[in-house]
**Q** 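So that we are looking at the same thing, I have put the structure below in structure tokens.
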Amino acid sequence: MREVLEGVRRFHEQPREVKMNYYSRETEIVRYYTNYDLHQSKGASWRDTLICVMAPNPPPPKRYPSACREILVEYSKHVQSIGEVIFELLSEALGLDPDHLKDIGCLEGHTFGCQYYPPCPEPERTLGHVRHRDPDFLTILLQDQIGGLQVLHQDHWIDVPPLEGALIINIGDLLQLISNDKFRSVEHRVLAKSVGPRISLACLFSTHLEPSNRVYGPLKQLLSPQNPPLYEETTILNYLNSYKSVGGLENALSFHKL
Ligand SMILES: O=C(O)CCC(=O)C(=O)O
Ligand SMILES: [Fe+2]
């Protein structure tokens, strides 16, 4: 875990000219940029991001930056195994067969968001990452020892202190949708800090770059006259368009409520 964060640091701390080879504001499967909503949003978050799609259709390994290529590929295998166990447990928690969430494709794809938050001279004037919910089924988040991550709980921002060797599991919007609100996607943010850099790696389980007509809606097994569906069926792409239209700032699920 330490090594993969080191790999992310190595990438971000290279000269700008090297990183520019990966710079893109489009939906490339490997891309480096700052603030996906930079040109729409009124403010900018204090971070840079390297996105790497790892599954289901990874590019040839040489497309990943050499500074972190090997360690990203290795970490991807580990995180896939952890994801399998977590989706089994979540399936059981919903009263379903352990393979259910896997069978409907929740584990099919994952993408790494490799974040780098430089030290900020005026941390009270910005955020490292504005409040948002993740647009996926589930996120496995690895953070370093700097701190700053917070989750919203009963209208209060609660610190998620770094714990050596620990991973943070966040429910995303798509799992809230298919579980018909049994699981809630967590709102979270990262404070800017004068110390740093802070490095994190968010592994987002979703297949959002795969063109697919597959639709997701509340799972039939969870519905009854007392528990009617709360959401319409949607493709992942359609849901992502709602997410982008509000820049992640509002709850994109509200667009899909029945
Ligand atoms: O850097 C972090 O701890 C959070 C990152 C995050 O929320 C994200 O990439 O969606
Ligand atoms: Fe997030």
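All ligand and atom numbering here is 1-based and tracks the order in the structure.
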**Q** Answer with side chain, backbone, both or neither: which part of D134 has a heavy atom less than 4.0 angstrom from an atom of ligand 1?
**A** side chain
**Q** In H132, the N, O or S atom nearest to the Fe ion (ligand 2) is which?
**A** NE2
**Q** Verify the distance test for H188 against the Fe ion (ligand 2): any N/O/S atom under 2.8 Å, yes or no.
**A**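 Yes - counting backbone and side chain alike, H188 has an N, O or S atom under 2.8 Å.
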**Q** Minimum distance, heavy atoms only, to atom 6 (C) of ligand 1: which one of H129, R47, Q150 is it?
**A**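 Closest candidate by heavy-atom distance is H129.
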**Q** Could you tell me whether ligand 1 has any atom less than 4.0 Å away from a heavy atom of R189?
**A** no
**Q** If you measure only the distance, is there a donor-acceptor pair under 3.5 Å linking the side chains of E3 and Y75?
**A** no
**Q** Ignoring hydrogens and geometry, is there a side-chain-to-backbone donor-acceptor pair from H132 to V130 under 3.5 Å?
**A**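 Indeed, once roles are kept as given, a pair shorter than 3.5 Å links the two residues.
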**Q** Where's the contact between L141 and ligand 1, heavy-atom distance under 4.0 Å: side chain, backbone, both or neither?
**A** side chain
**Q** Establish, from distance only, whether the side-chain atoms of R131 and Q150 form a donor-acceptor pair under 3.5 Å.
**A**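 There is no such pair between these side chains.
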**Q** Without swapping roles, check the side chain of T34 against the backbone of R47 for a donor-acceptor pair under 3.5 Å.
**A**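 Yes.
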**Q** Whether the D48 and Y117 side chains hold a donor-acceptor pair (N or O, under 3.5 Å, no angle test) is what I'd like checked.
**A**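 Short answer, no.
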**Q** Nearest protein heavy atom to atom 3 (O) of ligand 1, by residue and atom, and its distance?
**A** R198 NH2, 2.8 Å
**Q** For the side chain of R133 and the backbone of A252, is there at least one donor-acceptor N/O pair under 3.5 Å apart?
**A**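 No, R133 side chain to A252 backbone: no donor-acceptor pair under 3.5 Å.
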**Q** Do H188 and D134 get their side chains close enough for a donor-acceptor pair, meaning under 3.5 Å?
**A**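 Yes, a side-chain donor-acceptor pair sits under 3.5 Å.
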**Q** Which atom name does D134 have for its N/O/S atom nearest to the Fe ion (ligand 2)?
**A** OD1
**Q** Among protein heavy atoms, which lies nearest atom 9 (O) of ligand 1, and at what distance?
**A** Q115 NE2, 2.9 Å
